[in-house]
There are 2 protein chains.
Amino acid sequence: MADRLPYGSGRTSPQRRAIASMAEELGRAFTIDDLERALRRKGKRAGVATVYRAVAAMEESGWLERVGVRGSKALYARCDSPAHHHHLVCTSCGIVLATDCPLEFATHSAKAEHGFTVTEHDVTLYGVCRDCRPGPELGEDGD
Amino acid sequence: MADRLPYGSGRTSPQRRAIASMAEELGRAFTIDDLERALRRKGKRAGVATVYRAVAAMEESGWLERVGVRGSKALYARCDSPAHHHHLVCTSCGIVLATDCPLEFATHSAKAEHGFTVTEHDVTLYGVCRDCRPGPELGEDGD
DNA sequence: GCGTATGTGAGAATGGTTATCACATGAGGG
DNA sequence: CCCTCATGTGATAACCATTCTCACATACGC
């Protein structure tokens, strides 16, 4: 069901159309930089700020999802299923496979389901510990 | 107790001693900034670069571990167990609890084990997909 | 068509992190 | 002890992904 609109209630524009169609076309995880480069390669131009804004809007609408980082750049990917899930990002080709959420699945299930060999994973759970519930944010960061 | 040395084979220095002891003392997840601030509060001074280098060295030696981010800053925490595991980071107080690795555990187990209420989690598995094994890194980033 | 809320883009600003480089110092050997 | 020099320090500049600014352009409801 891809009838979800890339920009939700936002406006469309030639740039945004190009960006959305390129994100679709890439079919794998990409950085803002990848996206810009791909656009340029197709003769489409879009300022950096515009690409960042467009990607933020697409993420906001749920049409795109942040799927981790590559180096110091954020990684994004098209995301069809509205249901909660997680991602298998191939470090070789960048393909992104969706997989069910419950953390019960593990490395071997990734392998069984997708033939995907997990070599690294990053799992951190955020929440509130026993002593803090229900406390405020750790707001003493001052920045 | 900590028979593992904070700096592995590296040298020690007043600054590094202060930094390591402060990391120990904090007893919870901290950013470089937190660490610096805590040092300053104790009258110990250490340049930014020094703190970054010290933390990098401590991470290298396995004495410290990166346990995610807070905003745009990297989060670190003392890490005793050499065994592979994951972290429960309290967004309220920053306490870090270690938990066994296998992804089979889930939200409810965090709750059962630690009284920790998971409100968010970030799970991404990196590896090599069926079609790529055994391929090279996705090195076309060009920067 | 008009008006205006919204998108665009060049460039500056931000902010965490890393590199530079001159200087200081820990620690092993003599 | 003292020398040596590999290694650590720190002020500062550089880096770089991302965000902001602001003047201008344009989508789209009326």
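Predicted, not measured: the structure shown is a model, and the values here were computed from it. The chains referred to below are lettered A, B, ... by the order of the sequence lines, with proteins before strands, and numbering in each begins at 1.
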Whole Å only: how far is the NZ atom of A:Lys44 from the C1' atom of C:dG9? 18 Å
How close or far is atom P of C:dG7 from atom CD of A:Glu60, stated in whole angstroms? 11 Å
Measure the distance from CD on B:Glu36 to C1' on D:dT9 and round it to the nearest whole Å. 13 Å
For atom CZ of B:Arg37 and atom P of C:dG16, their distance in whole Å: 10 Å
Starting at the 5' end of DNA chain C, which residue's closest nucleotide do you reach first, B:Tyr76 or A:Ala46? A:Ala46
Need one value for B:Thr50: base, sugar-phosphate or nothing, where a base atom within 4.0 Å counts as base even if backbone is also close, heavy atoms only. base
Sequence neighbours left out, what passes side chain to side chain donor-acceptor pair (under 3.5 Å) with A:Glu65? Give chain and number order. none
Going by heavy atoms in the side chains, are A:Ile32 and A:Tyr52 under 4.5 Å from each other? yes
Has the side chain of B:Tyr7 got a donor or acceptor atom that lies under 3.5 Å from a matching backbone atom of B:Met58? no
From CE of B:Met58 over to P of D:dG8, roughly how many Å is that when rounded to an integer? 13 Å
Phosphate contact (C:dG9 OP1 or OP2) by A:Gln15 side-chain N/O below 4.0 Å: yes
Sub-3.5 Å pairs of nitrogen or oxygen atoms, protein against nucleotides 19-27 of chain D:
{"unit_1": "D:dA27", "atom_1": "N3", "unit_2": "A:Arg11", "atom_2": "NH1", "d": "3.3"}

Picking from B:Lys44, B:Lys42, B:Arg78, what satisfies salt bridge (Lys or Arg N to Asp or Glu O under 4.0 Å) with B:Glu25? B:Lys42
Sorted by position of nearest nucleotide on DNA chain D, 5' first, the leading residue of B:Val51 and A:Gly10 is B:Val51
So, OP1 or OP2 of C:dG9: does either fall under 4.0 Å of a side-chain N or O from A:Arg45? no
Protein-nucleotide distance (B:Arg16, atom CZ; D:dG10, atom C1'), rounded to Å: 13 Å
Salt bridge (Lys or Arg N to Asp or Glu O under 4.0 Å) partners of residues 48-60 of chain B, not counting sequence neighbours, each pair once: B:Glu59-B:Arg66
Between CD1 of A:Ile19 and P of C:dG9 the distance, given in whole Å, is 8 Å
Minimum heavy-atom distance B:Pro6-B:Ser61, with the two atoms named: O-OG, 2.8 Å
To the nearest 0.5 Å, what is the distance between CZ on A:Phe30 and CZ on A:Arg70? 10.5 Å
